[in-house]
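Excluded from the calculations below are hydrogen atoms, water molecules and symmetry mates; all remaining heavy atoms, backbone and side chain alike, are included. Every number for a ligand or one of its atoms is a count from 1 in the order of the listing.
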Amino acid sequence: MKLYYAPHACSLAPHIVLRELDLPFALIRVDNRTKRTASGADFLAINPKGYVAALQLDNGEVLTEGPAILQYLADLRPEANLAPAQRTFERVRLQEWLNFVSTEIHGGLGWLFNAQFPEEVKALIKEKLFKRFAVLCQTLERQDYLLAGGFSIADAYLFTVLRWAPLFSIDLNEWPALVQFQARVDERPAVKAALAAELV
Ligand SMILES: N[C@@H](CCC(=O)N[C@@H](CS)C(=O)NCC(=O)O)C(=O)O
């Protein structure tokens with residue numbers, strides 16, 4: 001498999017999961033401005049959507065969209081328990097979190113990268129985002145991870161997008177449960193390895 005990534009982008013989540021699962025993969029860096037890979041290949045020919053993450057399977061299929069990639073990976077090694085079994089209620093609970101992280105947290109923080117948005121618009125986005133942070137805290141104040149069963153792909157995703165908060169002068173210390181969550185996930189060897197690999 002090949003994971004197309006940009007350093008510290010949302011592709012960090014599947015990168016962490018590949019390492020958590022100890023799956024063989026090649027990491028291919030994409031320049032999101034030029035849409036070229038490190039070797040100069042046209043990324044748009046690989047993923048016409050033009051964004052990371054993209055996972056190219058050994059049969060040539062290209063899978064995109066974080067929640068789909070994460071579940072595909074977790075199901076390759078179900079014994080690692082990074083996702084509850086398919087067709088269980090817990091799996092739907094996981095999908096509920098993946099969708100929440102994708103639309104409410106990734107989506108919200110993602111808009112803040114847009115340099116064209118005036119400050120008043122960014123303030124409104126933050127106001128909504130902070131309500132969503134409160135929702136996360138309701139769960140993370142009573143358990144270590146989003147699912148009661150332990151670390152899952154949803155946590156890898158949440159960790160990845162919450163890392164962007166300081167870029168927008170959002171001080172996570174206002175939500176201690178989120179700071180503790182970030183520290184807890186940051187301690188995982190697979191997370192440390194993924195972050196180190198993306199710094200290269
Ligand atoms: N819907 C996609 C969004 C992916 C996305 O937002 N990727 C960003 C990095 S976090 C990107 O590559 N943006 C570059 C661009 O849109 O040109 C997903 O959930 O995977």
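When only modelled atom types and interatomic distance are considered, Gln56 and Tyr4 share a side-chain donor-acceptor pair under 3.5 Å.
Using a 4.0 Å cut-off between a side-chain N of Lys or Arg and a carboxylate O of Asp or Glu, Glu104 and Lys131 do not qualify as a salt bridge.
Taking each of Glu65, Arg33, His8 in turn, the one with a heavy atom nearest to atom 19 (O) of ligand 1 proves to be Glu65.
Those atoms of ligand 1 with a heavy atom of Ala9 less than 4.0 angstrom away are 9 (C), 10 (S). Residue His106 approaches ligand 1 through these ligand atoms, each under 4.0 Å from one of its heavy atoms: 6 (O), 10 (S). Which parts of ligand 1 touch Asn32 is read off a 4.0 Å heavy-atom cut-off, strictly below it: atoms 11 (C), 12 (O), 13 (N), 14 (C).
The shortest contact between atom 17 (O) of ligand 1 and any protein heavy atom is with Lys35 NZ, 2.6 Å. Protein heavy atom in closest approach to atom 7 (N) of ligand 1: Val52 O, 2.8 Å. In this structure, atom 10 (S) of ligand 1 lies nearest to the protein heavy atom Cys10 SG, 2.6 Å. Counting protein heavy atoms only, atom 16 (O) of ligand 1 is closest to Tyr51 CB, 3.8 Å. Protein heavy atom at the shortest distance from atom 20 (O) of ligand 1 is Gly66 N, 2.9 Å.
Taking each heavy atom of Ala54 and Val62 in turn, the nearest pair found is CB-CG1, 4.1 Å. Closest heavy-atom contact between Thr160 and Cys10: CG2-CA, 3.7 Å.
Applying the side-chain hydrogen bond (donor to acceptor under 3.5 Å, both in side chains) definition to pairs two or more places apart or across chains, none involves residues 114-128.
Ligand 1 has no atom lying under 4.0 Å from any heavy atom of Tyr5.
Partners of Tyr51 under the ring pair (Phe, Tyr, Trp, His ring centres under 6.0 Å) rule, at least two apart in sequence or in another chain, do not exist in this structure.
The main-chain N or O of Leu44 is never found under 3.5 Å from a side-chain atom of Lys35 such that the two would form a donor-acceptor pair.
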